[in-house]
Undergrad: 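Quick one: this structure, given as structure tokens, is what I'll be asking you about.
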Amino acid sequence: MAFYYLCLMEFSMKELSKLLDGKLVGNPDIIVSKPSKIEEGGEGSVSFLHNPRYEAYLYTTSASAVLVPENFEPRYAVKPTLLKVKNVYNAMALTLEKFSEPVLYPTGIADESVIHPSVSIGKKVSVGIYTVIEQNGFIGENTIIYPQVFIGKNVSIGKNCVLFPGVRILADCEIGDYCILHANVVIGCDGFGFVADGGSLLRKIPQLGNVILEDYVEIGANSTIDRATLGATKIKKGVKIDNLVQIGHNAEVGENTVIAAQTGVAGSTHIGSNCQIGGQVGFSGHLKIADGTKIQGQSGISASITTSGQSFMGSPAIPYMSFLKSFSVFKQLPSLILRLQKIEKKLNIP
Amino acid sequence: MAFYYLCLMEFSMKELSKLLDGKLVGNPDIIVSKPSKIEEGGEGSVSFLHNPRYEAYLYTTSASAVLVPENFEPRYAVKPTLLKVKNVYNAMALTLEKFSEPVLYPTGIADESVIHPSVSIGKKVSVGIYTVIEQNGFIGENTIIYPQVFIGKNVSIGKNCVLFPGVRILADCEIGDYCILHANVVIGCDGFGFVADGGSLLRKIPQLGNVILEDYVEIGANSTIDRATLGATKIKKGVKIDNLVQIGHNAEVGENTVIAAQTGVAGSTHIGSNCQIGGQVGFSGHLKIADGTKIQGQSGISASITTSGQSFMGSPAIPYMSFLKSFSVFKQLPSLILRLQKIEKKLNIP
Amino acid sequence: MAFYYLCLMEFSMKELSKLLDGKLVGNPDIIVSKPSKIEEGGEGSVSFLHNPRYEAYLYTTSASAVLVPENFEPRYAVKPTLLKVKNVYNAMALTLEKFSEPVLYPTGIADESVIHPSVSIGKKVSVGIYTVIEQNGFIGENTIIYPQVFIGKNVSIGKNCVLFPGVRILADCEIGDYCILHANVVIGCDGFGFVADGGSLLRKIPQLGNVILEDYVEIGANSTIDRATLGATKIKKGVKIDNLVQIGHNAEVGENTVIAAQTGVAGSTHIGSNCQIGGQVGFSGHLKIADGTKIQGQSGISASITTSGQSFMGSPAIPYMSFLKSFSVFKQLPSLILRLQKIEKKLNIP
């Protein structure tokens with residue numbers, strides 16, 4: 001529970017070097033007290049150079065220290081102390097954690113909240129102002145619920161979760177441990193199911209299932225996850241979902257799969273584990289997507305993918321390299337048709 | 001109002017058979033007390049086989065009974081009682097309704113809600129905790145308003161509606177009878193209109209119209225429907241809209257049209273009745289779309305559609321079959337250009 | 001602050017003509033007391049004809065007056081008084097403002113709101129029912145905060161802003177003057193950043209930066225703007241963003257750029273000023289987009305754009321005219337392959 005509010009702490013670069021298992025170049029005694037972007041820097045700050053296109057900033061930054069890749073050799077003189085690390089991204093994540101501190105959010109139940117007496121609340125739980133928790137809920141220890149959250153009947157939430165303002169969890173859903181639900185996320189809204197039964201109106205198919213989020217799931221702001229018609233819509237352990245994503249009823253997302261913003265997964269589609277799904281991707285319903293699949297942004301997946309570890313692109317999607325090859329010809333189509341006309345003329349084809 | 005909370009009831013398959021006008025194969029006296037997914041089953045449950053790809057589960061399910069299509073003949077021995085019905089989807093919808101029961105949501109006005117004294121509230125209305133209803137509102141009988149809903153000035157809401165937590169209905173909008181608005185839906189936010197009048201800033205066009213939802217409309221979680229600049233944005237009777245959909249100002253959606261998740265309809269576009277719109281479709285503004293049009297997911301509609309009952313695909317969209325034919329050639333483009341080069345070589349075209 | 005609630009005022013067309021610097025044709029003394037759509041009209045209303053495709057309504061409308069382009073000559077007799085103006089859109093914006101009136105929203109702090117004592121509140125600020133403002137906030141004068149809004153720690157909001165119901169502004173973000181945030185907007189949710197550090201789970205990169213909205217920014221309903229990992233996600237002066245848009249961490253949007261609904265901008269992408277971005281567009285991360293760029297709806301931008309004032313279309317996007325040319329051949333691909341086969345036959349190519 002160490003990741004929400006910044007608190008100033010101090011490290012010498014020698015200490016940070018030990019912590020990150022890196023190699024120092026420059027003054028080991030320099031003190032850093034905050035992280036910074038390399039473009040902005042600032043005395044007493046430590047910065048990060050992971051993307052080579054930002055190298056120019058290394059020679060002008062006012063940061064006191066910079067983390068760089070272990071094989072990096074500066075082409076010019078540098079003022080900051082350098083710390084060479086195996087993986088700058090990982091080291092940055094660790095450094096940022098060190099400069100964060102245990103959440104300062106008030107532990108306790110706001111007077112201006114309404115919790116049904118039947119709800120079970122663990123130790124050190126925070127319940128924010130104007131939050132509502134209905135009958136038979138269960139809230140695990142250390143969980144932080146921000147203001148203005150709605151938790152319906154029979155919902156269980158694990159320990160060490162964070163629910164940001166405006167989260168809505170409808171009746172009967174289950175949230176694991178260490179989950180983070182960002183602002184205005186909706187869990188357990190009705191699946192989209194209707195039948196034309198010959199009357200003048202569509203008939204709604206009751207949605208009687210629920211949603212299950214396993215442990216370590218993170219869901220981005222304003223995303224929606226539909227409850228199952230029967231059974232459960234399942235988001236497996238370690239899944240990370242970005243903002244404004246839609247997951248349909250009875251869908252499943254496998255362990256550690258990452259889904260970027262504004263992607264939609266239609267009903268009953270099962271996505272494997274360790275997949276990487278770009279933004280604005282659409283999946284048709286009732287598909288199976290193999291483990292380790294990578295989908296480029298804006299692709300449309302309309303058929304199951306059975307082989308693991310493949311990449312896809314396009315709408316409808318085809319294998320990534322095939323798409324790139326076809327698309328490079330697509331760009332030449334106007335000249336291609338001229339070439340065809342030239343041939344036809346030569347052959348006297350009308 | 002029978003579709004939100006599951007309640008266990010019991011039927012013999014003989015009773016269910018009568019209710020669904022089906023034909024029984026197996027023990028008619030077996031009792032079922034809940035619906036189940038065929039993969040999960042469970043003793044005392046009734047399941048549904050509508051998609052042939054799930055047939056294998058029929059031979060292993062622990063469900064006590066299964067609804068199957070009327071012409072279905074099992075290839076192996078089956079343990080559950082079978083009930084053959086004309087349309088499994090319709091029969092499933094009816095069965096699920098039978099296993100639901102009248103909503104248990106508390107009828108009454110929460111103490112922790114703020115309703116302006118000028119608001120007219122019908123019989124048996126529920127108003128949830130921390131809900132706000134502003135001046136001159138009208139709420140029809142039997143309507144259920146969950147916690148944390150906002151209803152602006154002069155809003156009228158019909159009878160037998162359900163408004164889930166976090167719904168926002170801005171001033172002057174009108175909601176019909178039997179409408180369902182899912183969590184965090186926004187009705188009546190400003191249309192997106194600005195003019196460049198030569199100053200250094202864009203000038204906002206005031207949005208003075210409203211939104212009208214006719215009867216039996218359902219709107220999915222986190223969807224947004226803009227108010228008209230003048231007049232009304234209209235969602236006609238029986239329209240079903242999925243999650244995260246955007247409807248622009250002065251748009252209209254015709255009766256019984258169904259729109260899947262994450263689709264966007266730009267301002268002043270009028271969609272006909274009985275259309276089926278896939279997910280992530282985009283419509284340009286000021287179009288007219290004929291009745292009964294079908295649009296495949298992720299399509300982009302940039303021109304009006306004047307003939308009824310056609311299907312479209314692509315971005316920009318073209319007739320469905322044309323798209324499939326062109327796309328099948330698109331996939332062959334790399335080989336096509338090689339064939340062209342071969343011909344040019346043979347003809348000595350440089 | 002003149003744009004939210006309609007109030008009936010009266011003008012003679014002579015007065016309106018002076019105000020809009022137009023030329024009257026017809027009775028100058030006619031009184032108008034409200035705006036109307038030309039299709040609907042109504043006695044005593046003034047309408048607008050800016051789109052020639054609606055001209056037919058001019059001859060049947062019951063509006064008392066109609067604003068038309070200065071070079072417009074009716075082909076048939078017209079009953080309403082005409083007011084010829086240089087730019088009907090601009091004149092409409094001004095007229096609608098005249099028929100609006102200063103906001104009637106109650107000035108004052110709702111009893112049912114919770115504001116930390118450390119918050120600084122300007123003159124004539126409205127704070128709605130069930131709104132929460134946490135420690136060290138700052139709210140500028142005349143700002144209107146609707147019910148059920150959340151404002152986190154250390155958030156500063158300028159003067160003359162409007163925050164609609166359900167807006168969530170997370171800790172440390174900064175909002176300029178004259179900003180409008182529509183219902184359920186989320187500002188400052190975590191950026192989407194994880195590293196695979198060899199463990200069985202992805203590790204979250206703490207998001208320690210904030211979001212800065214400059215003056216005159218408008219953000220549509222249910223849109224989300226991620227906080228920066230370090231530094232700030234910046235939305236510059238005069239930017240207008242539609243509904244359901246996603247802006248990633250450390251992104252920037254330049255002055256007066258307009259972004260239509262459901263578009264997504266991935267992390268660290270910087271969009272220039274005065275750009276026009278269509279709906280459902282996707283931007284990859286770490287790009288630079290030149291000033292004055294126009295992007296057609298549903299396009300996918302996967303590379304930086306360095307020349308100002310260009311138009312793009314497609315996914316991935318190419319120059320607009322190139323796309324139209326290639327797409328016109330795409331539609332002919334099935335016939336093109338037949339032509340190729342014919343040639344091959346003639347040349348005896350197998």
Side-chain angles (χ1 to χ4, degrees), chain A residues 114 130 132 148 150 152-153 166 168 170-172 184 186 189-190 192-195 197 200-209 222-224 226 228-231 244 246 248 250 262 264 266 280 282 284 286 298 300 302 315-316 318 322 325-326 328-330 332 336 339-340 342-343 346-347, chain B residues 2-6 35-37 39-40 51 53 87 89-90 92-93 96-97 99-100 110 112 128-130 146-148 164-166 180 182-184 216 218 220-222 237-238 240 242-244 256 258 260-262 279-280 297-298 315 327 330-334 336-337 340 343-344 347 349:
Chain A
V114 175
Y130 303 135
V132 173
Q148 301 159 329
F150 175 83
K153 291 175 189 168
R168 320 292 175 190
L170 283 302
D172 304 317
N184 289 350
V186 179
C189 38
D190 278 0
F192 195 62
F194 304 91
V195 288
D197 65 354
S200 65
L201 290 166
L202 293 167
R203 176 185 286 266
K204 181 179 173 73
I205 300 177
Q207 303 292 314
L208 304 177
N222 279 358
S223 286
T224 57
D226 287 350
T229 309
L230 291 170
L244 292 165
Q246 150 70 359
N250 290 91
Q262 296 175 317
Q280 299 181 334
S284 302
H286 293 276
Q298 294 192 325
S302 52
S315 175
I318 58 177
S322 304
K325 284 179 196 163
S326 280
S328 87
V329 182
F330 173 84
Q332 309 167 44
L336 193 143
R339 287 160 68 184
L340 197 64
K342 204 168 174 183
I343 295 168
K346 193 152 188 170
L347 294 175
Chain B
F3 34 81
Y4 288 104
Y5 291 99
L6 182 63
S36 69
K37 288 170 68 179
E39 308 91 293
E40 299 174 351
N51 192 328
R53 81 174 85 175
N87 180 316
Y89 249 122
N90 289 1
M92 179 173 86
L96 296 193
E97 278 182 23
F99 283 114
S100 317
E112 305 88 348
I129 297 163
Y130 303 135
Y146 270 72
Q148 301 159 329
F164 279 93
I180 302 174
H182 288 283
N184 290 349
Y216 299 99
E218 182 162 348
N222 279 357
K237 189 175 171 183
K240 310 299 179 189
D242 202 351
N243 299 347
L244 292 164
N256 295 317
V258 174
Q262 295 175 318
Q280 298 180 336
Q298 295 192 326
S315 175
F327 190 76
F330 172 83
K331 290 190 281 186
Q332 309 167 43
L333 283 178
L336 193 143
I337 209 159
L340 197 64
I343 294 167
E344 288 171 333
L347 294 175
I349 295 175

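A, B, ... follow the sequence lines: proteins, then strands. Residue 1 opens every chain.
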Undergrad: With a 4.5 Å cut-off on heavy-atom pairs, point out which of B:Ile343, B:Leu340, B:Asn256 contacts chain A the most.
TA: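 Option with the top pair count is B:Leu340.
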Undergrad: Just jot down the side-chain contact (heavy atoms from CB on, under 4.5 Å) partners of B:Ser36, sequence neighbours excluded, or say none.
TA: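 Counting only residues at least two positions away or on another chain, B:Ser36 forms a side-chain contact (heavy atoms from CB on, under 4.5 Å) with B:Ser45, B:Ser47, B:Ala63.
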Undergrad: Do B:Glu218 and A:Phe194 pass the side-chain contact (heavy atoms from CB on, under 4.5 Å) test, and can you show the C-alpha distance, the side-chain angles, and the key distance before you say yes or no?
TA: CA-CA 11 Å; B:Glu218 182 162 348; A:Phe194 304 91; 3.5 Å; yes
Undergrad: Would you mind checking which part of B:Tyr216 comes under 4.5 Å of any heavy atom in chain A, side chain (CB onward), backbone (N, CA, C, O), both or neither?
TA: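 For B:Tyr216, side-chain heavy atoms alone lie under 4.5 Å from chain A.
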Undergrad: Inspect the surroundings of NZ in A:Lys346 and state if more than 12 heavy atoms from other residues, nucleotides or ligands are less than 6.0 Å away.
TA: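 Count over threshold, so yes.
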Undergrad: Which atoms of B:Ala221 come close to chain A, meaning under 4.5 Å heavy atom to heavy atom: side chain ones, backbone ones, both, or neither?
TA: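 Both backbone and side chain.
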Undergrad: Does B:Glu40 have any side chain to side chain donor-acceptor pair (under 3.5 Å) partners at least two apart in sequence or in another chain, and if so, which?
TA: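 Checked B:Glu40 against side chain to side chain donor-acceptor pair (under 3.5 Å); zero matches.
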Undergrad: Between A:Ser328 and chain B, which part of the residue has a heavy atom less than 4.5 Å away: side chain, backbone, both or neither?
TA: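 Looking at A:Ser328, nothing touches chain B.
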Undergrad: Tell me, out of A:Asn250, A:Asn222, A:Leu244, A:Leu230, who's got the most heavy-atom pairs with chain B below 4.5 Å.
TA: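 Counting heavy-atom pairs under 4.5 Å, the top option is A:Leu230.
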Undergrad: So what's closer than 4.5 Å to chain B heavy atoms on A:Leu202: side chain, backbone, both or neither?
TA: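 When you check distances to chain B, atoms from both the backbone and side chain of A:Leu202 fall under 4.5 Å.
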Undergrad: Among A:Lys325, A:Gln246, A:Gln298, which residue has the highest count of heavy-atom pairs closer than 4.5 Å to chain B?
TA: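 That would be A:Gln246.
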Undergrad: Does the side chain of B:Leu336 reach to within under 4.5 Å of the side chain of A:Val329, using non-hydrogen atoms?
TA: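 Result no, sub-4.5 Å side-chain heavy-atom pair not found.
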Undergrad: Under a 4.5 Å cutoff for heavy-atom pairs, which residue among B:Asn90, B:Ile337, B:Asn51 has the most contacts with chain A?
TA: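 Greatest number of close heavy-atom pairs with chain A: B:Asn90.
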Undergrad: Under a 4.5 Å cutoff for heavy-atom pairs, which residue among B:Glu344, B:Gln148, B:Lys240, B:Gln280 has the most contacts with chain A?
TA: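 Most pairs with chain A among the choices: B:Gln148.
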